[in-house]
There are 2 protein chains.
Amino acid sequence: MNVQFKKGVLELCVLVLLDKQDRYGYELVQRISDRIAISEGSVYPLLRRLTKDGYFTTYLKESTEGPSRKYYKLTDEGRRYLDELLQEWETFTNGVNQLIEEGVNRE
Amino acid sequence: MNVQFKKGVLELCVLVLLDKQDRYGYELVQRISDRIAISEGSVYPLLRRLTKDGYFTTYLKESTEGPSRKYYKLTDEGRRYLDELLQEWETFTNGVNQLIEEGVNRE
DNA sequence: GATGAGTACTATACATTGTATAGTACTGTG
DNA sequence: CACAGTACTATACAATGTATAGTACTCATC
């Protein structure tokens, strides 16, 4: 899996998953890993950064399955940022796919 | 336009356009710029890198419109690499789009 | 001839964000 | 106690865009 493709996308993935419900870090890693090979080590700094930037708030919650979990919750600002990113992603991938069509089509 | 999304994609775009026909650097910049905002300054180092890596060969050709042009031509190795990248791009974007679906769908 | 615009390419410092790796801490089980 | 699974923290490094600055050529205009 091309590392460079992934840049910038990880935060989109995290924001999208949190749009649906609050989640803890490890769960986010697992959910994303179902679709894209990622390193655990990159998610936590990202979560910290996005929290610092005001897109999430966090709270601790006891777990019956292991240590307590740090949950992340999307803020309104986070939700707005997500909408932006979703649009950018769509515009961007459409642009790339159009280039691929142009390049691949042989007249 | 999110800079990080673009990482790794520029080389895919260049390879795809050269799959169709030989092109010179400036033309590649223009064609890609039609779809994605990119900086000219990033394309030339990329072209040099991919040439050094064996994916292109180059030749000079006189132009009637300005200075002579340095054309880039895809090698067989380049074509193979392109196929790889195309598959990776598809796998990757499908994975991201699936995550977006999951995250966005509210039950 | 000088100048400017457009064509065409080169070079470099820097910012950003993944990976890889190493580690910590908690809980339950054997 | 040791180990596995759960859950999180920290850091060095690689890679590749951007921004910026520049070079050189050709043609048109003054």
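Lettering follows sequence order; numbering is per chain, from 1.
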Item to check | A:S68 side-chain N/O to A:L60 backbone N/O, donor-acceptor pair under 3.5 Å | outcome: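 No, the answer is negative, given that no donor and acceptor are paired below the 3.5 Å cut-off.
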Checklist entry - Ignoring hydrogens and geometry, is there a side-chain-to-backbone donor-acceptor pair from B:R35 to A:Q98 under 3.5 Å? => result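 Looks like no, no N/O pair under 3.5 Å.
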Next on the checklist: What contact category does B:K7 fall into here, base, sugar-phosphate, or nothing, at under 4.0 angstrom with non-hydrogen atoms?
Outcome noted: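 If one applies the 4.0 Å heavy-atom cut-off, B:K7 turns out to touch a base.
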Next on the checklist: Once you measure the plane-to-plane angle for A:W89 and B:F92, does it fall in the parallel (<30°), tilted (30-60°) or perpendicular (>60°) bin?
Outcome noted: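 If you compare the ring of A:W89 with that of B:F92, the planes turn out perpendicular.
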Next on the checklist: So if I take residues 39-46 of chain B and measure heavy-atom distances to DNA chain D, which residues fall below 4.0 Å?
Outcome noted: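 The stretch gives B:S39, B:G41, B:S42 as the residues lying under 4.0 Å from the strand, ordered by number.
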Starting at atom [atom1] of [X], determine the distance to atom [atom2] of [N], rounded to an integer number of angstrom.
X	N	atom1	atom2	value
A:R31	D:dA7	CZ	P	13 Å
A:L50	C:dT17	CG	C1'	12 Å
A:F5	C:dT19	CZ	C1'	17 Å
A:M1	C:dA20	CE	C1'	18 Å
A:E27	D:dC8	CD	C1'	15 Å
A:E88	D:dG17	CD	C1'	15 Å
A:K6	D:dT16	NZ	P	14 Å
A:Y59	D:dC8	OH	P	12 Å

Item to check | Approximate separation, where rounding is to 0.5 Å, of B:R23 CZ and B:Q30 CD | outcome: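 One finds 11.0 Å between CZ of B:R23 and CD of B:Q30.
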Item to check | Minimum heavy-atom distance between B:V16 and B:L86, given as atom pair plus value | outcome: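 In this case the closest contact between B:V16 and B:L86 is CG2-CD2, 4.0 Å.
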Item to check | Candidates B:Y59, B:Y72, B:Y71 - the one meeting side chain to side chain donor-acceptor pair (under 3.5 Å) with B:D22 | outcome: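 For B:D22, the side chain to side chain donor-acceptor pair (under 3.5 Å) check succeeds only for B:Y59.
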Item to check | Side-chain donor-acceptor pair present, A:E11, A:Y81, cut-off under 3.5 Å | outcome: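 A pair is found: one side chain offers a donor N or O, the other an acceptor, under 3.5 Å apart.
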Next on the checklist: Check this one for me: any side-chain N or O of A:Y26 less than 4.0 Å away from OP1 or OP2 of D:dC8?
Outcome noted: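 For D:dC8, OP1/OP2 do not have a side-chain N/O of A:Y26 under 4.0 Å.
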Checklist entry - Quick one: is C:dC9 close enough that its OP1 or OP2 comes under 4.0 Å of any side-chain N or O from B:R69? => result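 No.
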Checklist entry - Quick one: on DNA chain C, does A:T64 or A:R49 contact a more 5' nucleotide (nearest heavy atom)? => result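 Result of the comparison: A:R49.
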Checklist entry - More 5' along DNA chain C: A:S68 or A:V9, using each one's nearest nucleotide? => result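 Comparing both residues, the 5'-ward one is A:V9.
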Next on the checklist: Side chain of B:E65, heavy atoms from C-beta onward: which of C:dA8, D:dA7, D:dT16 has the nearest atom to it?
Outcome noted: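 Selected nucleotide: C:dA8.
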Checklist entry - Of all the choices, D:dT18, C:dT17, D:dT9, which nucleotide is nearest to the side chain of B:V3 once you look at every atom? => result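 The closest nucleotide is D:dT18.
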Checklist entry - More 5' along DNA chain D: A:Q4 or B:G66, using each one's nearest nucleotide? => result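 In this pair, the answer is A:Q4.
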Checklist entry - DNA chain D: B:E62 or A:S63, which has the more 5' nearest nucleotide? => result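 Closest to the 5' end, via its nearest nucleotide, is A:S63.
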